[in-house]
Structures are given as C-alpha cells and as structure tokens.
Amino acid sequence: MLYNLKLYLLISFTHYRGDFLIFGYARVSTSGQARDGNPLEVQINALQEAGAIKIFSDVFSGSRNDRPELDKLLKIIQSGDTLIITKLNRIARSLIQGIQLLENLNDRGIIIDVLNMGIIDSSPAGKLIRNIMLSFSEFERDMIIQRTQEVS
C-alpha cells in the first residue's frame, strides 16, 4: 500500500512538473535467456507495473561495462528522475562496478528504486545494504562461472 502511494506521488509529481521521468532498466545475460521463458519480458512487465515510462533493456553479461542500452539511459537520465530495476544484479554483477554506478547515480540526484529491495540511497545504511547485496551478486556470478568451468 505504501509503495503504491509512493509510486502514485512520483507519477503525479512527474506529470505535474513535467520534468521528472521514471525510467526502467532490464537485463538478461544471454539471448537464450531472452527467448526461453522470457525473463526479459517478465522484468519489463514488472517495471511497467511499477510505473516506468521509458524502459531500456540489454542482452549482455552484467559483468560488462559497455552495455549499449544502459549507456543510452545513463546519458539521458537527470537529477530528480527515478530509475527502477527489478533486482540489483540486473544493473551490476560486481561489487566495484555496482558501487561506482550507483554512487554516480546517487551523486547526480537520481532516485534508484530496486523492486525487491526498495530505494537505494547514499545514507550509511543504504551503502551497507547496497554493498552486501552487490557482494552476493558477485559471489553468485563467480559460482556460476566456476560451475560452468567444471562442466567443460
């Protein structure tokens, strides 16, 4: 209920002021994931339900820094805008990359809303949660790589 109220206020304020936008970002690692079971479509639907007006999506490994659609998004998103992602590991799979990206967005005055976590801000508690969750994402990615190498 509180989340819906927050979203309503964000959307209402956006339409009233006309200068704040709500963006979404979705990512899957492989084109096979994009086809099989459509996790990209699931993310996009969740972002739309959360109020994202413009959604950018990539089919690239989260460990890569050069994701074309994320790069486009980062060029146009402005202070006061909101960026919604479904999970933190959709935007970054390494601790260092995630910290740099999220701190940059926070420093620019962009609201980061992670649907399964809430708002990520630059408060001490926000940084702690961000770093813990990014560490888990990196660990999970490393374990996937290790299992893949063991099978090969």
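By convention here, the first residue in the shown sequence is residue 1.
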Over all atoms of both residues, closest heavy-atom pair of G98 and A92: CA-CB, 3.5 Å
What's the separation between atom CD1 in I91 and atom CD1 in I84, rounded to the nearest 0.5 Å? 12.0 Å
For D81, enumerate each residue passing the side chain to side chain contact (heavy atoms under 4.5 Å, CB included) test, keeping only those at least two apart in sequence or located in another chain. F20, L21, F23, I77, Q78
Result for side-chain contact (heavy atoms from CB on, under 4.5 Å) between R67 and one of V59, L73, D58 points to D58
Suppose clustering is done on Ile, Leu, Val, Met, Phe, Trp and Tyr with side-chain heavy atoms closer than 4.5 Å. Which residues sit in the same group as M143? F139
Test log, rule side chain to side chain contact (heavy atoms under 4.5 Å, CB included), inputs I120 and L105: CA-CA 10 Å; I120 299 290; L105 291 168; over 6 Å; no
Quick one, L88 and L102 - any side-chain contact, counting heavy atoms below 4.5 Å? yes
Do you know the tightest heavy-atom contact between A46 and L115? O-CD1, 3.8 Å
When clusters are formed by joining ILVMFWY residues with side-chain heavy atoms under 4.5 Å apart, either directly or through shared neighbours, do I76 and Y25 land in the same one? yes
Between atom CE of M133 and atom CG of L128, what is the distance when rounded to the nearest 0.5 Å? 11.0 Å
Listed partners of E69 passing side chain to side chain donor-acceptor pair (under 3.5 Å), at least two apart: K72
Restricting to non-hydrogen atoms, name the atom on V28 and the atom on R90 that form the minimum distance, rounded to 0.1 Å. CA-NH1, 3.8 Å
Evaluate the criterion side chain to side chain contact (heavy atoms under 4.5 Å, CB included) for residue pair D113 and I22; output intermediate values, then yes/no. CA-CA 10 Å; D113 189 355; I22 302 173; over 6 Å; no
Check whether any side-chain N or O of R27 sits under 3.5 Å from a backbone N or O of F60 as a donor-acceptor pair, and report yes or no. yes
Taking only residues two or more places apart in sequence, or in another chain, which ones meet S135 in a side chain to side chain contact (heavy atoms under 4.5 Å, CB included)? L95
Who are the side chain to side chain contact (heavy atoms under 4.5 Å, CB included) partners of Q100, not counting sequence neighbours? I96
For S137 and N89, work out which heavy atoms get closest and say how close. OG-CB, 3.2 Å
Student check: side-chain heavy atoms of I55 and Q43 closer than 4.5 Å: no
CA sep, side-chain torsions, deciding dist, call: L74, N104, side chain to side chain contact (heavy atoms under 4.5 Å, CB included): CA-CA 10 Å; L74 295 175; N104 176 274; 5.6 Å; no
Listed once per pair and sorted, the salt bridge (Lys or Arg N to Asp or Glu O under 4.0 Å) pairs that draw on residues 99-108, sequence neighbours left out: E103-R130
Contact summary for A52 and G24, nearest pair of heavy atoms: CB-N, 3.8 Å
CG-CD1 distance between L101 and I112, expressed to the nearest 0.5 angstrom: 7.0 Å
S123: partners by side chain to side chain donor-acceptor pair (under 3.5 Å), with sequence neighbours left out: D121
Heavy-atom closest pair, residues A26 and L40: CB-CD1, 3.8 Å
